[in-house]
Amino acid sequence: MANAIERVIEIREKALGEIKEAENLEGLTAIKNIYLAKKSELTALMGLMKELRAEEKGSFGKAINDTKAAIQEAWAKKAAEMEKRKLQAQLEKETIDISLPGETANVGHINPYYVIIDEVSDIFAGMGFEIVEGRDVETDHYNFELLNVPQDHPARDMQDTFYISETELLRTQTSAAQAHTMLSKGGTEPIKMICPGKTYRRDEDDMTHSHQFSQIEGLVVAPGVSLADLKGTLELFVKKMFGEKREVRFRSSFFPFTEPSVEVDASCSNCGGKGCNMCKGTGWIEIGGAGEVHPNVLRMCGYNPDEYSGFAFGVGVERIAMLRFGIDDIRRFYTNDIRFIKDFNAK
């Protein structure tokens, strides 16, 4: 082993000497390839480990690792010095650098996505709702099971998402934040909260669908909360968001986490409810889903459904923005096209 360690020391001193004497980046790169590549002599020496006794392997491995670290550190330091000298020489040579952009005073613009989130948050904050930030990466337990969607439930087919592991996934709905909030209250405190944020589902990308979109979920839990409270809350929200003449209607539906469940429609802002192309002749436009919190959800999240009831609702941020501002394609929110942002602000 003594001979092997001596060879490692020789390689180290030789490499450090060559790095010190290197005159350009090309030569420096060649040195790195000689001493730190996968087929270098140092790597080959690692093959001797199997021939050493157990008490010798530690010191020999340390010698090789320390040598690699010393060579890498010296190489990086020399490379940084060369890059600095190269840049300095270039700056001295080029008295006018025409590649640098000129100074501008462009005024930034806010994406309508964030305009809607801020406005909705302000409206509900004015009604006494707490704004809660959820987690983009959730567990199956919070995203599905605590919302009354157990394993193999057919409702999961509509919310196929991106799994990180068997138990972790990108959330399909911001409703998971409701489960966290209920559990944090210990089943004894009233709740009034909304959670805006991104959600993820495996979906085809077209004018009205995207694998990433955003929701604003709301939850109220207290003794005696009814569908009448839900409708009153959403009517106030719709009038604040779309105008005093807008009306709200409920249509029966099904969601695993609410019972009864409803689809929420707002009267069409384009035709005033008379029927047009925008609302497909119905006079109404769907804005989200809602309902009374299912007793199973209350029970699993620590609340006694005999004492507490509640309502929950969810609206799509992009859908509201498209209705509010006449945006024709959901993909415009995510293409980072500054022309779209400027055009939106001009309107």
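Excluded from the calculations below are hydrogen atoms, water molecules and symmetry mates; all remaining heavy atoms, backbone and side chain alike, are included.
A salt bridge is defined here as a Lys NZ or Arg NE, NH1 or NH2 lying under 4.0 Å from an Asp or Glu carboxylate O, and K240 with E119 fails to meet this definition. For D136 and K198, the salt-bridge test fails: no basic side-chain N is under 4.0 Å from an acidic carboxylate O.
Although no hydrogens or angles enter the test, the distance criterion places no donor-acceptor pair under 3.5 Å between the side chain of K192 and the main chain of V220. A donor-acceptor contact shorter than 3.5 Å is absent between the side chain of K245 and the backbone of S267. In this structure, E259 contributes its side chain and H294 its backbone to no donor-acceptor pair below 3.5 Å. Put simply, the side chain of R85 never gets that close to the backbone of A80: no donor and acceptor are under 3.5 Å apart.
From F257, atom CZ reaches atom CG of L219 across 12.0 Å, with rounding to the nearest 0.5 Å. Distance check, rounded to the nearest 0.5 Å: CD of E307 to CG of L298 gives 11.5 Å. Once rounded to the nearest 0.5 Å, the distance linking OH of Y308 with CZ of R299 reads 15.0 Å. To the nearest 0.5 angstrom, K68 atom NZ is 10.5 Å from I11 atom CD1. For the atom pair OG (S184) and CD (E189), the distance works out to 7.5 Å, reported to the nearest 0.5 Å. One finds the OG1 atom of T174 at 14.0 Å from the CZ atom of R135 (value rounded to the nearest 0.5 Å).
A side-chain N or O of E18 and one of Y35 form a donor-acceptor pair less than 3.5 Å apart. Defined by atom type and a distance below 3.5 Å, a donor-acceptor pair is present between the side-chain atoms of S214 and Y113. T199 and Q173 are not linked by any side-chain donor-acceptor pair at a separation below 3.5 angstrom, with hydrogens and angles left out of the test.
When all heavy atoms of V262 and F255 are compared, the pair lying nearest together is O-CE1, 3.5 Å. Across all their heavy atoms, V225 and F311 have their closest contact at CG1-CD2, 3.3 Å. Scanning all heavy atoms of the two residues, the minimum distance from M127 to L236 falls at SD-CD2, 3.3 Å. Here the closest non-hydrogen pair linking A176 and N143 is CB-CA, 4.2 Å. Residues E292 and S226 approach most closely at OE2-C, 3.2 Å, considering heavy atoms. When all heavy atoms of V297 and L146 are compared, the pair lying nearest together is CG1-O, 3.7 Å.
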Please determine whether side-chain hydrogen bond (donor to acceptor under 3.5 Å, both in side chains) holds for the pair E217 and S175, giving the CA-CA distance in whole Å, both sets of side-chain angles, and the decisive distance to 0.1 Å.
CA-CA 6 Å; E217 295 267 354; S175 305; 3.0 Å; yes
Any chance you could lay out the side-chain contact (heavy atoms from CB on, under 4.5 Å) test for C276 and C268, step after step, and finish with the verdict?
CA-CA 8 Å; C276 65; C268 179; 3.7 Å; yes
Could you go through the side-chain contact (heavy atoms from CB on, under 4.5 Å) check for E263 and F250 one step at a time?
CA-CA 6 Å; E263 298 284 356; F250 286 169; over 6 Å; no
Using the side-chain contact (heavy atoms from CB on, under 4.5 Å) rule, take I287 and D265 through it: C-alpha gap first, then chi angles, then the decisive distance, then the call.
CA-CA 6 Å; I287 61 171; D265 299 333; over 6 Å; no
So V120 and F237, side-chain contact (heavy atoms from CB on, under 4.5 Å) or not? Walk me through it.
CA-CA 8 Å; V120 173; F237 161 67; 3.8 Å; yes
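Using cut-offs of 30° and 60° on the angle between ring planes, the pair F129 and F124 is perpendicular. Ring geometry for H180 against Y142 counts as parallel: the plane angle stays under 30°, on a 0 to 90° scale with 60° as the upper cut.
At a threshold of 4.5 Å between side-chain heavy atoms, the hydrophobic network of Ile, Leu, Val, Met, Phe, Trp and Tyr places I117 and V315 in one connected group. V221 and M300 fall into different hydrophobic clusters, where Ile, Leu, Val, Met, Phe, Trp and Tyr are joined by side-chain heavy atoms under 4.5 Å apart, directly or via other members. Taking hydrophobic clusters as Ile, Leu, Val, Met, Phe, Trp and Tyr residues chained together by side-chain heavy-atom distances below 4.5 Å, F313 shares a cluster with I285. A single hydrophobic cluster is not seen to contain both W284 and V248; linkage of ILVMFWY side chains at heavy-atom distances under 4.5 Å, directly or through other members, places them apart. Each of I191 and L183 belongs to its own hydrophobic cluster when Ile, Leu, Val, Met, Phe, Trp and Tyr are linked at side-chain heavy-atom distances under 4.5 angstrom.
The side-chain heavy atoms of P196 and S121, taken from C-beta on, include a pair separated by under 4.5 Å. Looking at E145 and D140, their side chains come closer than 4.5 Å, going by heavy atoms from C-beta outward. Within the 4.5 Å cutoff, the side chain of R12 has no heavy atoms near those of the K14 side chain.
Within a 6.0 Å radius of CD in Q72, other residues, nucleotides and ligands contribute more than 12 heavy atoms.
Under the 6.0 Å cut-off for aromatic ring centres, Y200 and Y163 do not qualify, their centroids lying 6.0 Å or more apart.
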